[in-house]
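See below for the structure under consideration.
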Amino acid sequence: MFDVLISGGRVVDGTGAPPYPADVGVRGGRVEAVGDLSAAGAAAARIDAAGRLVAPGFIDAHVHGDATVLDPEVQLAALRQGVTTFVLGQDGLSFAPAGPETLRFVTRYFAAINGAHPALDGTGVSVAGLLATYDRTTALNTVYLVPHGTVRHAAAGDPGQMLRLVEQGLEDGAAGLSSGLEYVPGRYGDAAELAALCAPVARAGLPYVTHMRGYEQAAAAGMAEARLIAEQAGVALHVSHYHGPGEPLAGMVDRALAAGLDVTFDSYPYLSGFSILAMVALPRDLDAGAPGGAVGGAAGPDGGPDGGPDGGPDGGTARPDLDRTVALLHEPAVRRRLARETDPALWHRIVLAHVPSAAFAWAEGRHLDEAAAEAGREPAEFCADLLVATGLAASCVFAQPPGNDDTSMRLLLRHPAHLGGSDGIHLGGHPHPRAFGAFARFLGRHVRELGDWTWQEAVAHLSARPARRFRLPDRGTVRPGMAADLVLIDPDRVADTADYARPRLLAEGIDDVLVGGVPVLAGGALTGARPGRPLRPR
């Protein structure tokens with residue numbers, strides 16, 4: 001007797017085989033049989049999959065759901081896209097391992113990205129303790145990366161203590177190490193520091209996952225540093241949200257692969273980015289409270305219009321002072337500097353996404369320069385006012401440079417080293433639509449409409465390869481013995497509906513999903529079941 005029998009569909013099993021007619025029987029949380037099961041006995045539940053594809057659940061290789069994965073609205077948005085697993089701990093900043101001071105810093109600095117974790121009491125948490133908060137408390141599975149910036153803050157930059165925290169995090173069940181080299185305090189670590197921290201990651205056969213020290217025109221330098229770290233540590237390399245001119249970026253990956261490195265990357269199918277406003281708009285010394293030795297110069301989005309990061313660590317402290325940043329933003333001289341050093345075009349490239357201030361919430365969804373004009377302020381003054389009012393907890397969508405065009409984006413997502421990632425951020429009244437539509441857009445636009453992938457290639461990019469990258473051997477394929485994370489896809493109807501004007505609209509065409517053999521989405525609605533587990537690499 002099966003717990004669930006899915007009959008009449010076509011299976012895309014994740015092995016590379018094209019879709020084929022088959023039933024799928026599930027028992028005890030695992031796939032028990034795939035084939036003609038018409039003569040099978042009774043089943044506790046049956047799902048008619050006629051006209052639909054049955055695929056392994058998708059693994060979002062880069063998403064900021066560290067707190068929001070516990071939110072039913074976010075679970076619904078993910079499941080409606082076929083996503084059954086979130087890879088958390090991205091960009092070098094998350095909640096563990098952290099004592100009280102580090103937890104306060106991370107929660108505040110990334111307030112507009114990760115939000116506040118509702119199950120943490122502020123006393124600090126280990127990786128094991130954080131993973132426990134995801135155990136059967138959500139409909140989604142989770143994978144966690146040890147975040148370098150959090151470790152650096154917690155250890156106050158002490159190399160030995162950082163190494164011990166990374167080793168303990170891996171022992172607790174983390175699936176790799178992440179870095180965010182455009183954020184503080186991670187950007188103060190150099191290649192030697194990161195290579196040393198990657199040594200235990202390499203021994204465990206896990207990846208180093210990096211938000212590089214620059215994208216767009218700074219991507220070559222960022223990739224060179226990432227390669228150096230991978231070579232020195234002998235670690236597998238995964239580059240986060242890889243975007244920009246397609247041929248040069250693909251060439252960098254190809255050359256690394258030809259040199260014998262194990263390299264993958266993720267990207268999302270949109271041409272705008274999303275980050276905290278302080279990182280996008282402020283000079284690099286100011287957004288961190290001007291810690292000792294920091295180099296000035298406006299960064300702008302992802303390396304930005306003013307030349308981007310300086311290509312290496314800038315001597316800052318391990319524990320940036322966010323209160324000092326807020327205090328400096330009150331000073332007229334600092335505001336004049338912000339106006340003087342910022343390319344005026346940047347203000348129109350920024351659309352305010354999350355503005356947690358009663359005085360400024362009306363500006364969500366507006367270009368910063370237009371909101372400033374409505375408020376009767378110059379853009380730099382308005383930006384400073386808004387950051388002060390929100391305590392730096394504001395975020396924005398921003399247009400990427402012209403080199404990141406549709407042709408480049410499609411070229412990268414067809415690359416065999418590509419994994420699907422939404423870079424989803426779910427907070428605010430006007431977030432980026434990628435959180436609510438990226439995976440459905442991969443399927444509807446890039447498979448059905450454009451033919452960038454076949455259905456079997458889509459499953460490889462979105463499920464099978466991410467499972468291999470993060471060492472989840474019982475995920476990513478539909479075969480007997482595998483975990484029954486299963487998605488039913490209507491190939492004629494699957495599509496994203498979220499856009500920049502209405503970013504929270506749910507995807508269509510995926511109405512039934514199982515996680516661990518338990519139906520979590522039925523008829524397009526949550527069932528209320530919470531079988532999600534923190535997945536540890538094997």
Side-chain angles (χ1 to χ4, degrees), residues 63-74 77 88 90-91 93-95 102-122 180 183-184 272-282 286-289 301 320-330 335 338 347 349-372 374-375 377 379-398 423-436 498 500-504:
V63 60
H64 294 280
D66 302 53
T68 58
V69 70
L70 301 171
D71 182 347
E73 180 184 359
V74 172
L88 307 174
Q90 302 287 350
D91 293 342
L93 288 159
S94 189
F95 302 114
T102 296
L103 186 57
R104 283 193 298 272
F105 165 77
V106 169
T107 301
R108 179 177 175 186
Y109 182 59
F110 250 33
I113 303 295
N114 286 339
H117 193 300
L120 301 182
D121 61 8
Y183 295 108
V184 295
S272 292
F274 190 8
S275 190
I276 55 175
L277 180 60
M279 192 275 281
V280 173
L282 296 184
L286 183 58
D287 81 329
D321 188 344
L322 302 182
D323 288 329
R324 188 172 182 214
T325 296
V326 173
L328 288 168
L329 286 170
H330 284 283
R335 293 180 174 222
L338 184 59
W347 301 124
R349 289 171 59 193
I350 290 172
V351 176
L352 298 167
H354 181 43
V355 185
S357 162
F360 289 92
W362 60 269
E364 288 186 345
R366 309 208 185 177
H367 291 271
L368 191 146
D369 60 347
E370 294 172 355
E374 185 168 339
R377 306 284 280 171
E381 290 274 0
F382 182 79
C383 181
D385 289 343
L386 189 150
L387 287 169
V388 168
T390 61
L392 307 179
S395 64
C396 62
V397 177
F398 53 85
D423 201 3
I425 299 167
H426 307 90
L427 302 171
H430 208 86
H432 197 299
R434 66 195 188 193
F436 294 81
Y500 292 105
R502 298 169 300 168
R504 288 184 168 275

Between H432 and R434 (side chain of the first, backbone of the second, donor and acceptor by atom type, cut-off under 3.5 Å), is there such a pair?
yes
Do other residues, nucleotides or ligands put more than 12 heavy atoms under 6.0 Å from R108 CZ?
yes
Looking at CZ of F398 and CG of L277, how far apart are the two atoms once the value is rounded to the nearest 0.5 Å?
10.5 Å
Expected output: side-chain Y109 to main-chain V184 donor-acceptor under 3.5 Å:
yes
Please report the closest heavy-atom contact between I425 and H64, naming both atoms and the distance.
CG1-CD2, 3.8 Å
Scanning both residues in full, the closest heavy-atom pair of P503 with A498 reads O-CB, 3.4 Å
Heavy-atom closest pair, residues T390 and S357
CG2-CB, 3.8 Å
Closest contact, heavy atoms only, L93 versus Y183:
CD1-CB, 3.8 Å
Please confirm whether the backbone N or O of Y500 pairs with a side-chain atom of H430, one donor and one acceptor, at under 3.5 Å?
yes
Give a yes or no on whether the backbone of H354 and the side-chain of S395 come within a donor-acceptor separation of less than 3.5 Å.
yes
Got a salt bridge between R366 and E370, using NZ or NE/NH1/NH2 to carboxylate O under 4.0 Å?
no
Report the C-alpha distance between V351 and L368 in whole Å, list the side-chain angles of each, state the deciding distance to 0.1 Å, and finish with yes or no for side-chain contact (heavy atoms from CB on, under 4.5 Å).
CA-CA 6 Å; V351 176; L368 191 146; over 6 Å; no
Least distance between heavy atoms, A116 atom then A67 atom
O-CB, 3.5 Å
